[in-house]
Amino acid sequence: AAPGLPPAPDARAAAARLRELTGAETHDVALVMGSGWVPAADALGAPESDLPVTDLPGFAPPAVEGHAGRIRSYRIGEKRALVFLGRTHYYEGHGVAAVTHGVRTAVAAGCKTVVLTNGCGGLRAGMRPGQPVLISDHINLTAVSPIVGANFVDLTDLYSTRLRALCKEVDDTLEEGVYAQFPGPHYETPAEIHMIRTLGADLVGMSTALEAIAAREAGAEVLGISLVTNLAAGMTGEPLNHEEVLQAGRDSAARMGSLLARVLGRL
Ligand code: R1P
């Protein structure tokens with residue numbers, strides 16, 4: 001581990017425990033449900049297993065409201081999906097390895113596809129709360145990498161063009177955007193929003209990019225879907241708060257759930 005950070009949790013040990021607890025030898029796809037997305041999971045039907053994440057080694061209990069800290073296993077047609085209701089954020093202070101333990105565990109459990117969702121601020125003119133946006137690329141502003149050692153990983157097409165096209169077959173109104181990850185937990189200033197808009201960002205939040213890099217390193221194909229839960233700082237003059245993020249999720253739960261269910265059905 002880097003100086004000052006706890007040692008990386010062991011994804012293979014967590015995946016082995018997951019196999020024991022769910023009775024499922026393998027999973028095919030993982031979904032990480034971000035802020036505002038937990039109610040959308042109900043559209044996936046009844047899970048076959050539903051465990052607290054802390055039943056698996058290496059997982060921190062949830063610190064953020066709206067992140068339920070549970071892992072569900074679903075059978076969807078011939079496939080098995082592993083759904084994380086919530087995630088560990090970098091600002092929770094457990095180190096970057098804890099942030100990526102979920103996606104690394106999912107890949108160790110067999111998942112070839114990782115779907116990362118989040119609640120985010122929208123920067124582009126015309127974006128509105130409640131709008132899902134496919135992540136086309138990211139800007140990592142956390143100043144850290146989840147990869148340890150001289151392991152040079154290609155991030156071209158990190159957010160799979162193939163999976164984005166599949167999503168658009170399911171819903172042809174979906175737009176795409178570049179997601180900027182700040183470390184948080186404070187929201188961005190209006191000047192920072194101005195800066196990242198100039199740099200090409202359309203979406204802003206405090207997750208996803210580090211997990212996407214780790215999922216790619218582990219060999220998974222990555223799909224990222226942001227739910228615009230608010231307009232970014234300085235765009236409306238209103239202060240930002242996490243409750244509006246969660247409310248936007250509740251308001252959009254049915255649409256997001258049905259989008260995910262249809263995408264999963266076609267993977
Ligand atoms: C801010 O309201 C919180 O919501 C988002 C931000 O990243 C931040 O953690 O959470 P997710 O990215 O996990 O959806």
Side-chain angles (χ1 to χ4, degrees), residues 30-41 53 59-71 83-96 98-103 106 114-123 127 129-135 138-144 146 159 177-189 192-193 196 201-215 222-236 238-253 256-257 259-260:
L31 273 97
V32 179
M33 306 299 263
S35 294
W37 284 81
V38 169
V53 278
F59 282 88
V64 179
E65 203 195 330
H67 287 243
R70 302 192 71 84
I71 300 184
V83 177
F84 294 82
L85 300 186
R87 56 161 51 91
T88 297
H89 298 86
Y90 187 51
Y91 57 70
E92 290 171 43
H94 302 295
V96 68
V99 172
T100 56
H101 185 47
V103 296
V114 171
V115 182
L116 300 170
T117 71
N118 64 56
C120 75
L123 274 72
M127 279 182 170
Q131 177 181 359
V133 179
L134 300 173
I135 301 177
H138 78 223
I139 301 174
N140 174 13
L141 295 171
T142 65
V144 292
Y159 299 90
V178 173
Y179 179 93
Q181 178 176 358
F182 275 96
H186 54 270
Y187 290 107
E188 309 72 35
T189 64
E192 287 163 347
I193 293 301
I196 62 169
D202 306 294
L203 309 161
V204 65
M206 309 167 196
S207 72
T208 303
L210 297 176
E211 292 150 76
I213 295 167
V222 177
L223 173 66
I225 312 177
S226 285
L227 175 67
V228 176
T229 53
N230 53 275
L231 298 180
M235 290 179 67
T236 64
E238 294 297 317
L240 305 183
N241 67 82
H242 190 57
E243 179 46 39
E244 86 179 325
V245 171
L246 298 179
Q247 188 57 47
R250 288 190 280 271
D251 294 345
S252 314
M256 294 310 108
L259 173 65
L260 289 177

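Atoms within each ligand, like the ligands themselves, are counted from 1 in listed order. Side chains are part of it too, since the values below use all heavy atoms of this structure and drop only hydrogens, waters and symmetry mates.
Side-chain contact between Ile196 and Glu192: absent, with no pair of heavy atoms (C-beta onward) separated by less than 4.5 Å. Using a 4.5 Å heavy-atom threshold, the side chains of Val103 and Val222 count as separate. Looking only at side-chain heavy atoms (C-beta outward), Tyr159 and Leu134 stay at 4.5 Å or farther from each other. Put simply, the side chain of Met33 does not reach to within 4.5 Å of the side chain of Arg70, judged on heavy atoms. Annotation: side chain of Ser35 is not in contact with side chain of Thr229 (no heavy-atom distance under 4.5 Å).
Ion pair Glu92/Arg87 not flagged as a salt bridge, since none of the NZ, NE, NH1 or NH2 atoms sits closer than 4.0 Å to an Asp/Glu carboxylate oxygen.
Considering backbone and side-chain N/O atoms, Tyr179 never comes within less than 3.5 Å of an N/O atom of ligand 1.
Close contacts of ligand 1 with His89, meaning ligand atoms under 4.0 Å from a residue heavy atom, involve 9 (O), 10 (O), 11 (P), 13 (O). Listed by number with element, the atoms of ligand 1 under 4.0 angstrom from any heavy atom of Gly119 are 5 (C), 12 (O), 14 (O). Within ligand 1, the atoms closer than 4.0 Å to a non-hydrogen atom of Asn118 are 12 (O), 14 (O), numbered from 1 in the order shown. Close contacts of ligand 1 with Val245, meaning ligand atoms under 4.0 Å from a residue heavy atom, involve 2 (O).
Distance from atom 12 (O) of ligand 1 to its nearest protein heavy atom, with residue and atom name: Ser207 OG, 2.6 Å. Protein heavy atom closest to atom 14 (O) of ligand 1, with residue, atom name and distance, is Ser35 N, 2.7 Å.
When the ring-ring contact (aromatic ring centres under 6.0 Å, His included) test is applied to His101, the partners found at least two apart in sequence or on another chain are Phe59.
Look at Tyr187 and you'll find a heavy atom under 4.0 Å from some atom of ligand 1. Every heavy atom of Gly184 sits 4.0 Å or more from the atoms of ligand 1.
Only the side chain of Tyr91 comes within 4.0 Å of ligand 1, counting heavy atoms alone; its backbone N, CA, C and O stay farther away.
Nearest to atom 7 (O) of ligand 1 by heavy-atom distance, out of Glu92, Met206, Arg87, is Met206.
For the side-chain contact (heavy atoms from CB on, under 4.5 Å) with Ser226, the qualifying choice from Ile135, Asp202, Thr208 is Ile135, the only one to do so.
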